[in-house]
Structure formats: C-alpha cells, structure tokens
Amino acid sequence: MERLAPELLVKEKKEKVHELPDLEGAEGGVVMRLAPNPSGPLHIGHTRMAILNDIYVKRYGGRLIVRMEDTNPPTILPEAYDLILKDLDWLGVEYHEVVNQSSRFQIYYDHAMKLLEGGNAYMCGCPSDDWRAAKEQGMACPCRDAGPRDNLGLWERMLAGEYKPGEMSMIVKTDLNHPNPAVRDFVALRLVGEPHPLTGDEFRVYPLYNYSVAIDDHLMGMTHVLRGKDHLNNTLRQEYVYEHLGWTKPHFHHYGWVSIEDTELSTRKIRAAIEEARYSGWKDPRLGTVAALERRGIQPEAIRQYWIDVGIKGVDIRFSWENLYAYNKDIVDPGAKRYFFVWDPKTVSITGTDVLESHAPLHPEHQEMGTRVTQLSGDPIHVKAVAGDIQALPPDTRVRFKDLCNTLSGEPGIFSYAGNELSFIKEGAKIIHWVGPDAVQAKVLMPDGKLIEGLAEKAALDSLGEVVQFERFGFVRLEPGDEIEAYFAHQ
RNA sequence: GCUCCCAUAGUGUAGACCGGCCAAUCAUUCCAGCCUUUCGAGCUGGGGACUCGGGUUCGAAUCCCGAUGGGAGCACCA
C-alpha cells in the first residue's frame, strides 16, 4: 500500500472553504437590494447584509440595487448618502443602481389610491393611541368600515394639506383577528411636518417602512429579499400588500440576529457623541463603523470572509472580533513590513564595542522586500528599549537585541556586548527589540481609546498609509501624513 | 401578556430536507512540542459540543411532542 499509492496515506488537509448555500429559485439570475437608512455611515453590523447580497448577485448574475430608505426626515444625515456608498465601494460591493425612496412619492401615492379603491386600506383620523388599543383587542376603529368613495375623499384632503401631522393617516388592512398582534393593520402613510433634506417641503405625506418596502420591492423587480430576522414580522405585513395588489412575492430569507459586544454601534448615539466631541468623528478607532475599521487596517476581504463563515442561518450569533482578526491577519501578514516600536522607552547602554550595524529584514519570509539598516556608534552605544524588557534582570542574563547583537545584563540599563552568534538564542537568550538614536516619535491609538506613545524606527516613515507589524506589539495601520500615527488593528 | 424565529465545543460553522458511512467537519481560540533573531507566521500533537426530557425506530445530532434557554416583533422608526 505504502509502495503502491503513498499519496493515499498522506493525511489530506481538508481546508474546506466554507461557502454560502444556494438560494432557492435563483438559477436564472437575481435582483436583490440593500436598503440602508441614511442616518449615518455603515457599521460592521450593516456589512453583513451588504456582503451577503453582493455575493449572491455575483454568484447568480443580476442586479443589486441600493435603495436609500429616507422616508423619515428627522433621522436623515444628509452626508450619509455619500458615506454609505463610499463604505460599499470600499467593501467591494458592486451595486448597479442607487435609488432614493424620497424620489418616489408619486408612486407611493398612486398605489395608496389603488389600495383604497380596492377596499384594502382605509383612512383613519383616530388618535393613534386609541387605534392601537383597539387593534390590540382585535377590534376595528370606526374608520375601518368606510367605503372607497369616502376614503378616497379623505385621501385627497390629506394630500391637499387639510390635516396636520397625526390627524390623518392611511392604513393597510390585514387581519384584525390575526393571532400575532404584530401583524394586524398597519399604518402605511402619514403626515410629516418637518422638511426633507432632499425634497424640502414639497411632500408632506410620507410612506412608512412596511408600505414603501413592499411597493418598491415589487416595482423594482426583487426576486430575493435577504435580510435579518428582525424583519420576520415585517415580511408578514408586507405580504398583505402583495396579496391586496395581486403581486407575486419574492423569495424571503431571514438570517439570525447578531449581537456585537463592546462596540458602540448606535448611529444616533454616535452622532450625538461626535457633536459633543466625545468621539473624534465617524472614524474614531473606538467605533465599529466601516470607516473606523478601514482606518485600523481591517481589510474588506476579511470582513467578507467572516460573514461567509457565519453564513445565512437563522441562528442568533455573537459577533467575534477574534475570528474577524484571524481572517485579517491571514490577509495582512504576508505583506506587512516589520518595524520596531518601543513603547515606554528607556535608554540602555551597550558596552564593550563602539560600532554596531543592524540588518533587519522588512519581512522575515520575504527577504526580497528589503532590509532596514541601522548604524550605531559610540562608547558606549546607546539605544532605547521597552522599560519592561530591561528591568529586574538578574546579572548576566542573556539578552539578544534582535537583529543587532548579543549581550549580558549588568548594572540596570547597562549591557555588555557578547558577540553576534545566533546560537546564543539556543542558550536561552531573551530577545528584545530596540530603536537607535534616529528613532522618531510615534503614537498608537488603540480600539479602547487608549493612546500609546513611544519611538519607532525611522524607516517606518517609508510605510505611511500601509498596514505594518510593530514587532512584539501587533499589526497597525500607519496614517498617511508626515509622522507616525498608527491605528491598532490586532495582535 | 400575545405572536414568531432559533438551539452542535469559548466563538462561529458542516452534518439535519433524504435517520445508519458521525466514537460529529472545518476555522478560530486554548494547551504542549518542533521550527524560528517577534509574544508573528509555519508544522505536529492535544483539549473542547449534538440544551434537557419523552416518543417513533433495529438504529436519532438528524423525525415528532414537551420543557428550558436565547432572540425578535406587537411605532403615524427603519
């Protein structure tokens, strides 16, 4: 056996690439959408819907539509329209069309009339609390029984501006006896008194989520709607609109809830905090925004891999930064140049020689990437090292200054030169890193908001804008500029 | 309270539709060893899970029922 087919004995490495399952009824191509609310840029939680939809459209061919759900003026952040598209571009999401719901008022109005005419919706002027309370009991409010003629009349009057916000609304009938209270009659259009950033005061009658989504999904030709489980009940409601209008439904799929701990994701809270200067902006490294992750050196491909790994199951999951970082490290490590960054720097003296030269590879496995060379001279020679590395060393401890030389520890801060044989390491030397006198000031901003200051070797200035590894510290992205300002990615 | 969804190791995930090939996959984390001028990478080995209770069956992670646990919704937000 061993002789005839040795390859059969080699344990096969089953590095099975986890793939997303097939989508039902997608063989002929798909039309899918991303429906963000332009209240702020995207955060890590949003990237799931963006990437999942993108992957399926790429797999089956078809169209991916970005639909800005901007039907609630007070929550809109005008710059979010652009920020969201920038985030999607960075993520590698290929969308084919961008549509604002605020450009489709007439469409919502036309279909409202159709629903009213068909007796599938009614105008209601009841106080919302009463209406909701009746619904809770499975009771109809008096308006529900009005005929299409009366309803259409009220509708015209609402459009004409005869009512103030809260005084009149258009409601889609579902089933008041539906066992699930969340599915009974829902408001489809209501009055809004505030101006819209894009349309100003032109429209006052605004559609609500479930209504505009159902209308748009059908009219835009969606074949598949892939979204979070939090929309399960919304799907139930939207299906009534499809039935009232005699439309065929798209395939709906709902993936599980993701809880993301230790990270502020609430757009509303972040916005307030930025205004109060408690965060430096949407890119603040403490945030889970796409922009912040980008700044820290997280690669879009890592985020994509992570969501593929998680899949589209309906199970609720906890987001794992650890797993995301693992993917990112795989991507970033082969190209990340190595540099020394000395935090908490202390001066040390190396005695017994007056000239040293260090040749350190920019990447240990890719020598072709080049070498960092440092010339040192003096009597003694002075370098800086991390305080914690050089304190409390018993006398004659073997300490190797990485890529420089071997030493034996003496008085605090004093090391005596002990050659440059690598065998020294086998003898149990402690390996530490260091920077020479030409080192430059450097600061690293951590995801928890801490600032770590120290010294980085000058050569790191050649890599501004790149993701590099500060040896024995972690991967960071160097901000473009003229000094070393690094954002910590992960270890 | 009502309704719905879900349940495999620390974290995710495959297997479940079509029960046996599952003494359960892969990744990550953790531990050990090797290698190595990083506490990085790599290699090798190891630890770690089918929520519980019934039922169907020769046989259940897989099918059924119940319990428990987690999550969502019940907005004139999206």
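In what follows, every chain begins at residue 1, and chains take the letters A, B, ... in the order their sequences are listed. Values in this document were obtained by computation on a predicted structure and should not be read as measured data.
Residue contacts shown for Glu322(A) include a base, since a base heavy atom lies under 4.0 Å away. Within 4.0 Å of Cys126(A), counting heavy atoms only, lies at least one base atom of the nucleic acid. If you check every strand for non-hydrogen atoms under 4.0 Å, Arg184(A) touches nothing. Nucleic acid contact class of Gly311(A) (heavy atoms, under 4.0 Å, all strands): none. At a threshold of 4.0 angstrom between heavy atoms, the contacts of Gln491(A) with the nucleic acid are absent. Here Thr71(A) lies in heavy-atom contact (under 4.0 Å) with sugar-phosphate atoms only. The residue Lys329(A) sits close only to the backbone: its heavy atoms come under 4.0 Å of sugar-phosphate atoms, none of a base.
As a whole-Å value, the separation of His231(A) NE2 from U3(B) C1' is 18 Å. At whole-Å resolution of the value, NE2 in His254(A) and C1' in C5(B) are 10 Å apart. If you take NE2 of His490(A) and C1' of G40(B), they are 11 Å apart, rounded to a whole angstrom. Distance Glu194(A) CD to C76(B) P: 17 Å, rounded to the nearest Å. For the pair Lys426(A) NZ and U36(B) P, the interatomic distance rounds to 4 Å; values are reported in whole Å. Nucleotide U28(B) holds its P atom 17 Å from the CD1 atom of Ile317(A), rounded to whole Å. Atom CG of Leu232(A) and atom C1' of G70(B) are 15 Å apart (whole Å).
Using N1 to N3 plus N6-O4 or O6-N4 for Watson-Crick, or N1-O2 and O6-N3 for G-U wobble, each under 3.5 Å, U68(B) pairs with A7(B). With a cut-off of 3.5 Å on both pairing distances, the Watson-Crick or G-U wobble partner of C43(B) is G33(B). If you check C17(B) for Watson-Crick or wobble pairing at under 3.5 angstrom, you find it has no partner at all.
Among G12(B), G73(B), A78(B), the nucleotide with an atom closest to any side-chain atom of Asn72(A) is A78(B). Closest approach to the Lys229(A) side chain among A16(B), G1(B), C5(B) is made by C5(B) (side chain taken as heavy atoms from C-beta onward).
Nearer the 5' end of RNA chain B, as judged by each residue's closest nucleotide, is the contact made by Ala182(A), out of Asn37(A) and Ala182(A).
Side-chain N/O atoms of Asn323(A) and base N/O atoms of U11(B) include a donor-acceptor pair closer than 3.5 Å. Between the side chain of Asp330(A) and the base of A41(B), no donor-acceptor pair of N or O atoms lies under 3.5 Å.
Contact check on Arg472(A) versus Asp389(A) returns a salt bridge, with a Lys/Arg side-chain nitrogen under 4.0 Å from an Asp/Glu carboxylate oxygen. A salt bridge does not link Asp175(A) with Arg184(A): none of the charged nitrogens is closer than 4.0 Å to a carboxylate oxygen.
Using modelled atom types, one finds a donor on one side chain and an acceptor on the other under 3.5 Å when comparing Arg227(A) with Thr235(A).
For Arg204(A) and Phe105(A), the positive end is not near the middle of the six-membered ring at less than 6.0 Å and at most 45° from its axis.
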